[in-house]
Asks: 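Below is one structure. I have some questions about it.
Letters go in sequence order (proteins before strands), and every chain restarts at 1. Side chains are part of it too, since the values below use all heavy atoms of this structure and drop only hydrogens, waters and symmetry mates.
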Protein chains: 2
Amino acid sequence: MPKIVNHEERKRKVAEACWRVIQKKGIEQATVREIAKEAKMSVGSMRHYFSSQKDLFIFSMQLVMDHVHERIKKLPLSGPPIKDAMQVLSQVLPIDAERRLEMEVWFLFTSKALNDPDLKKKSDEMDDELYQACRLIIEHLTVAADWKQETERLYALVDGLAVHAIMRPGRLHPDLLLSVLENHLKVIGQNV
Amino acid sequence: MPKIVNHEERKRKVAEACWRVIQKKGIEQATVREIAKEAKMSVGSMRHYFSSQKDLFIFSMQLVMDHVHERIKKLPLSGPPIKDAMQVLSQVLPIDAERRLEMEVWFLFTSKALNDPDLKKKSDEMDDELYQACRLIIEHLTVAADWKQETERLYALVDGLAVHAIMRPGRLHPDLLLSVLENHLKVIGQNV
DNA sequence: CTTTATTTAATACATTTGTATCATAAACAA
DNA sequence: TTGTTTATGATACAAATGTATTAAATAAAG
């Protein structure tokens with residue numbers, strides 16, 4: 001009956017356009033008009049896929065989470081613990097253009113989430129998952145009794161490195177970032 | 001000649017009102033009208049102190065930096081290196097209401113700075129200072145050859161802990177935050 | 001071809017926003 | 001008092017923004 005269009009696929013295309021606008025102009029300039037322009041459609045047409053700007057933002061956050069999940073799922077793990085941990089954590093670090101876009105966008109959504117309960121819910125989801133991932137890594141790497149402390153330390157290090165690499169890519173480039181993280185894991189592995 | 005008003009003092013009062021609005025409603029809702037209301041003056045009157053919203057934002061960022069500087073300057077240092085380091089780093093960690101307000105506001109300014117060159121300049125100033133502070137701490141605590149790596153690690157840990165304490169205060173409360181940081185410094189102090 | 005459901009897009013509208021204008025008030029100097 | 005400078009705040013205005021409305025185009029089914 002209708003026009004031949006893959007609805008979900010179109011939604012993802014719009015969300016990716018939303019990402020690009022946020023990266024290029026910031027979240028305050030991520031207006032429905034700017035996003036529609038980037039997606040090469042009209043505002044009215046875009047509204048057929050997202051009934052409100054907030055719907056689009058939440059979908060765009062979920063799409064970041066989905067991409068991270070997919071990359072981690074595809075990883076050929078069960079090698080050395082430190083190597084596996086590096087592979088997993090690299091999926092949330094801005095070490096190439098693709099991850100950088102997603103992490104910059106996520107960073108801006110996170111800041112907006114501080115004063116937006118709907119976005120905060122999604123932000124907390126991701127946060128809980130990353131915390132648990134760090135917890136598992138710590139449990140596999142060490143037998144330290146204070147796993148809570150070590151988990152917070154690893155998780156804070158990962159997010160801190162991500163933010164610094166986003167803000168100061170000239171100082172904290174991908175190679176340095178990865179070596180800092182790997183050395184941390186090595187020290188942890190020798191028991192703290 | 002004029003009305004009896006301390007111009008600089010008034011500017012600081014407005015900037016602090018700006019902080020409170022940003023914390024309560026987010027940076028997108030930190031409009032000139034909201035800030036004027038919080039400062040208990042009219043928009044026109046506020047414009048007498050700041051000719052534009054951007055001027056107010058940059059002054060408000062500078063005021064955060066000033067407060068951090070003042071607190072550090074007042075510290076009675078030259079005790080044990082780890083204790084001194086903790087005292088200094090605590091000034092940029094959200095461990096009480098005052099610091100939490102400043103760090104939340106700074107966090108939001110930082111995210112806005114990603115797409116605003118004027119704010120980015122101020123953000124980079126603070127960033128450079130904190131990096132150098134971490135560098136000094138590392139140099140005093142260890143003789144490790146890789147001071148660049150250790151500086152990035154400490155700095156990322158500090159900022160990561162700050163962001164997590166802001167986003168998830170229920171999980172990462174001030175006591176846990178401080179103990180994670182202190183243990184890190186202790187391990188560093190034993191040479192890495 | 002006709003019908004029907006979906007997609008597209010132009011236009012409108014009420015709000016909000018930053019900034020500008022202008023008149024008034026206040027305090028000190030002459 | 002008179003004059004001058006600073007402070008205050010009401011009002012105005014153009015631009016931007018999220019959302020709603022409405023009509024047209026498209027593709028498949030009858």
Side-chain angles (χ1 to χ4, degrees), chain A residues 1-22 24-61 108-109 111-113 115-119, chain B residues 1-22 24-61 108-109 111-113 115-119:
Chain A
M1 327 146 182
K3 204 168 160 181
I4 186 167
V5 159
N6 184 331
H7 201 75
E8 279 302 313
E9 175 65 18
R10 292 285 275 178
K11 286 186 75 170
R12 282 194 290 271
K13 290 296 183 189
V14 173
E16 284 167 14
C18 175
W19 290 359
R20 292 193 296 274
V21 172
I22 289 176
K24 279 186 285 190
K25 309 205 170 184
I27 215 162
E28 299 187 50
Q29 293 306 310
T31 64
V32 291
R33 284 168 180 79
E34 276 293 334
I35 296 167
K37 195 171 74 178
E38 176 74 28
K40 295 193 205 308
M41 60 172 65
S42 72
V43 174
S45 186
M46 196 171 77
R47 242 178 90 75
H48 184 254
Y49 295 99
F50 297 99
S51 60
S52 75
Q53 190 189 38
K54 175 162 288 185
D55 278 358
L56 169 54
F57 280 177
I58 289 177
F59 185 91
S60 298
M61 290 184 80
L108 293 178
F109 274 135
S111 66
K112 188 174 175 66
N115 299 97
D116 187 323
D118 298 313
L119 269 57
Chain B
M1 326 146 182
K3 203 170 162 181
I4 186 169
V5 160
N6 184 330
H7 201 76
E8 279 302 313
E9 175 65 17
R10 291 286 275 178
K11 289 186 73 170
R12 281 192 292 270
K13 290 295 182 189
V14 174
E16 284 168 13
C18 175
W19 289 0
R20 293 192 296 274
V21 172
I22 289 176
K24 281 186 284 190
K25 308 206 170 184
I27 215 161
E28 299 186 50
Q29 293 306 311
T31 65
V32 290
R33 284 167 181 81
E34 277 292 335
I35 297 168
K37 194 172 74 180
E38 175 75 26
K40 296 192 203 307
M41 60 172 65
S42 72
V43 174
S45 187
M46 196 172 78
R47 244 178 90 76
H48 184 253
Y49 296 98
F50 297 100
S51 60
S52 74
Q53 190 188 38
K54 175 164 286 185
D55 278 357
L56 169 54
F57 279 178
I58 289 177
F59 185 90
S60 298
M61 290 184 80
L108 292 178
F109 274 135
S111 65
K112 188 174 174 67
N115 299 97
D116 187 323
D118 298 313
L119 268 57

Asks: What's the CE-P distance between A:M41 and C:dT6, to the nearest Å?
Replies: 18 Å
Asks: Does atom NZ of B:K37 have more than 12 heavy-atom neighbours, drawn from other residues, nucleotides or ligands, at distances under 6.0 Å?
Replies: no
Asks: Specify the closest pair of heavy atoms between B:S60 and B:W19, including all atoms of both residues, with the distance to one decimal.
Replies: O-NE1, 3.2 Å
Asks: In whole angstrom, what separates A:N6's CG from C:dT6's P?
Replies: 15 Å
Asks: Tell me every residue that passes salt bridge (Lys or Arg N to Asp or Glu O under 4.0 Å) with A:K54, counting only those two or more places apart in sequence or in another chain.
Replies: A:D116, A:D118
Asks: Give the rounded distance in Å between these two atoms: CG of B:L56 and P of C:dG18.
Replies: 10 Å
Asks: Quick one: B:I35 CD1 to C:dT19 P, roughly how many Å, whole number?
Replies: 11 Å
Asks: Taking the side chain of A:S45 as heavy atoms from C-beta outward, which of D:dG9, C:dA9, D:dA7 is closest to it?
Replies: C:dA9
Asks: Between A:I35, A:V32, A:L56, which is the residue that forms a side chain to side chain contact (heavy atoms under 4.5 Å, CB included) with A:F50?
Replies: A:L56
Asks: Which whole-number value in Å describes the distance from B:E8 CD to D:dT6 C1'?
Replies: 15 Å
Asks: Assign a letter to each nucleotide of nucleotides 14-21 of chain D from its 5' end: B, base within under 4.0 Å of a protein heavy atom; S, sugar-phosphate only; -, no contact.
Replies: ---BBBB-
Asks: Expressed as a whole number of angstroms, how long is the span from B:H48:NE2 to C:dA20:C1'?
Replies: 15 Å
Asks: Can you find a side chain N or O atom of A:H7 that sits less than 4.0 Å from OP1 or OP2 on C:dT7?
Replies: yes
Asks: Expressed in angstrom and rounded to an integer, what is the separation of B:Y49 atom OH from C:dT19 atom P?
Replies: 18 Å
Asks: Nearest-Å distance, CG (B:D55) to P (C:dA20)?
Replies: 11 Å
Asks: Can you confirm whether B:K13 is buried at NZ, in the sense that more than 12 heavy atoms of other residues, nucleotides or ligands lie under 6.0 Å from that atom?
Replies: no
Asks: With sequence neighbours left out, what residues match A:R33 under side-chain contact (heavy atoms from CB on, under 4.5 Å)?
Replies: A:T31, A:V43
